[in-house]
*Asks:* 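Quick one: the structure is below, and I'll ask about it shortly.
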Amino acid sequence: MIKIAVYPGSFDPVTYGHLDIARRATNIFARLIIAVTSNQSKKTLFTITERVEMLKVVTRQMPKIEVISFEGLLVEFVMEQQAKVIIRGLRAVSDFEYELQLALMNRKLENAVDTVFLMPAEPYTYLSSSVVKEIVSKGGKAAEFVPPLIEQKLRQKFSLTKK
Ligand code: ADP
């Protein structure tokens, strides 16, 4: 019955944790729209164009996925896309409180939209974009956490590209 789901986030940058959630969502829904937030209040390392482009490249082999940037209210975007489901990833109990508040607020704003939480594979439960940025900025390797293209882009951002 429910065919389209929206997976929103800042994806600054996309990690294997995000991709794990996206893959699980495509096993349930016919189409998944990855909605990249161009929220001005949140300072990001990558621009909205860069984040969308990177996601498009790394999801190229996943035909059910579409990547779109959006501004404004998430529930309005979800309704515009003819979707009724928001996908969010839950890593640990620490994610829960914030995610519960967000899900209930979104429901309050639009009762027709529900949030579905998916848990990543165990190795990704401690993975976040911020941790990856921290590691790469200090010269560490991120091959286990992000696709090669993303690691390369991170190195370029931190001017750590190999000579
Ligand atoms: P936001 O700023 O909206 O939290 P993120 O890009 O950090 O954007 O996260 C988007 C969604 O992906 C959130 O639901 C977050 O919990 C989930 N997520 C991020 N990293 C992981 C991970 N390693 N495993 C599972 N879910 C994750």
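Start at 1 and go down the list; that is how both ligands and their atoms are numbered. Owing to the predicted nature of the structure, the values given are computational and were not obtained by experimental measurement.
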*Asks:* Any N or O of Tyr98 that comes nearer than 3.5 Å to an N or O of ligand 1?
*Replies:*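 It does not: no N or O of Tyr98 is found under 3.5 Å from an N or O of ligand 1.
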*Asks:* Quick one: does Tyr7 get a heavy atom under 4.0 Å from ligand 1?
*Replies:*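 Under 4.0 Å: yes for Tyr7.
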*Asks:* Does Glu71 reach the main-chain N or O of Ser38 with its side chain, forming a donor-acceptor pair under 3.5 Å?
*Replies:*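 The answer is no, because no donor-acceptor pair under 3.5 Å joins these two groups.
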*Asks:* Do any N or O atoms from the side chain of Arg88 and from the backbone of Thr115 form a donor-acceptor pair under 3.5 angstrom?
*Replies:*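 It does not hold such a pair.
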*Asks:* Between Leu32 and Lys64, does the side-chain contact (heavy atoms from CB on, under 4.5 Å) criterion hold? Intermediate values first, please.
*Replies:* CA-CA 6 Å; Leu32 181 71; Lys64 288 180 173 181; 5.6 Å; no
*Asks:* Give me the one residue out of Val146, Ile150, Val58, Asp20 that meets side chain to side chain contact (heavy atoms under 4.5 Å, CB included) with Thr15.
*Replies:*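 It is Val146; the other options fail the test.
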*Asks:* For atom 3 (O) of ligand 1, what's the nearest protein heavy-atom neighbour? Residue, atom name and distance, please.
*Replies:*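 Of the protein heavy atoms, Arg88 NH1, 3.1 Å lies nearest.
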*Asks:* Purely on distance, is any nitrogen or oxygen of Thr15 under 3.5 Å from one on ligand 1?
*Replies:*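 Such a contact does not occur with ligand 1.
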*Asks:* In the protein, what heavy atom is nearest to atom 2 (O) of ligand 1, and what distance, to one decimal place, separates them?
*Replies:*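 Looking at atom 2 (O) of ligand 1, the protein heavy atom closest to it is Lys42 NZ, 2.4 Å.
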*Asks:* Please, which pairs that meet side-chain hydrogen bond (donor to acceptor under 3.5 Å, both in side chains) have at least one residue in residues 101-110, sequence neighbours excluded?
*Replies:*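 For residues 101-110, and leaving out neighbouring residues, the side-chain hydrogen bond (donor to acceptor under 3.5 Å, both in side chains) pairs sorted by first residue read Arg107-Asp114.
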*Asks:* Any nitrogen or oxygen of Leu127 lying under 3.5 Å from a nitrogen or oxygen in ligand 1? Just yes or no.
*Replies:*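 N/O-N/O distance below 3.5 Å exists for this pair.
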*Asks:* State if Glu99 counts as touching ligand 1 under the rule of any non-hydrogen atom under 4.0 Å.
*Replies:*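 Distance cut 4.0 Å: Glu99 passes for ligand 1.
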*Asks:* Counting both backbone and side chain atoms, is some N or O of Phe11 under 3.5 Å from an N or O of ligand 1?
*Replies:*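 Between Phe11 and ligand 1 (N or O atoms, distance only) the closest approach is under 3.5 Å.
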*Asks:* Looking only at protein heavy atoms, identify the closest one to atom 20 (N) of ligand 1 and say how far it is in Å.
*Replies:*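 Here the nearest protein heavy atom works out to Arg91 NH1, 3.2 Å.
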*Asks:* Atom 16 (O) of ligand 1: which protein heavy atom is closest, and how many Å away?
*Replies:*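 Heavy-atom neighbour on the protein nearest atom 16 (O) of ligand 1: Gly89 O, 2.7 Å.
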*Asks:* Is it the side chain, the backbone, both or neither of Pro8 that has a heavy atom closer than 4.0 Å to ligand 1?
*Replies:*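 Looking at Pro8 and ligand 1, just backbone atoms fall under 4.0 Å.
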*Asks:* Below a 4.0 angstrom heavy-atom separation, can you tell me which part of Ser10, side chain or backbone, both or neither, approaches ligand 1?
*Replies:*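 The answer is both, backbone and side chain.
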*Asks:* Please find the pair of heavy atoms, one from Leu127 and one from Arg91, that lie closest to each other, and give the distance.
*Replies:*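 Taking Leu127 first and Arg91 second, the nearest heavy atoms are O-NH1, 3.1 Å.
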*Asks:* Atoms of ligand 1 less than 4.0 Å from Gly9 heavy atoms?
*Replies:*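 Numbered from 1, ligand 1 contributes 3 (O), 8 (O), 10 (C).
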*Asks:* Answer yes or no: is there a side-chain heavy-atom contact under 4.5 Å between Val52 and Phe11?
*Replies:*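 The answer is no, as the side chains (C-beta and beyond) never meet within the 4.5 Å cut-off.
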*Asks:* Can you list the steps and then say if Phe70 with Val36 is a side-chain contact (heavy atoms from CB on, under 4.5 Å)?
*Replies:* CA-CA 6 Å; Phe70 87 102; Val36 189; over 6 Å; no
*Asks:* Is there a side-chain contact between Met54 and Pro147 in this structure, where contact means two heavy atoms from C-beta onward sitting under 4.5 Å apart?
*Replies:*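 Side-chain contact under 4.5 Å: no.
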*Asks:* Evaluate whether atom NZ of Lys133 has more than 12 neighbouring non-hydrogen atoms of other residues, nucleotides or ligands under 6.0 angstrom away.
*Replies:*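 More than 12 heavy atoms, drawn from other residues, nucleotides or ligands, come within 6.0 Å of this atom.
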*Asks:* So is there a nitrogen or oxygen of His18 less than 3.5 Å from a nitrogen or oxygen in ligand 1?
*Replies:*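 Yes: some nitrogen or oxygen of His18 is under 3.5 Å from one in ligand 1.
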*Asks:* Between Ser128 and ligand 1, does any nitrogen or oxygen pair lie at a separation below 3.5 Å?
*Replies:*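 No, there is no polar N/O contact under 3.5 Å.
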*Asks:* Of the protein's non-hydrogen atoms, which lies at the shortest distance from atom 24 (N) of ligand 1, and what is that distance?
*Replies:*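 Among all protein heavy atoms, the one nearest atom 24 (N) of ligand 1 is Pro120 CG, 3.3 Å.
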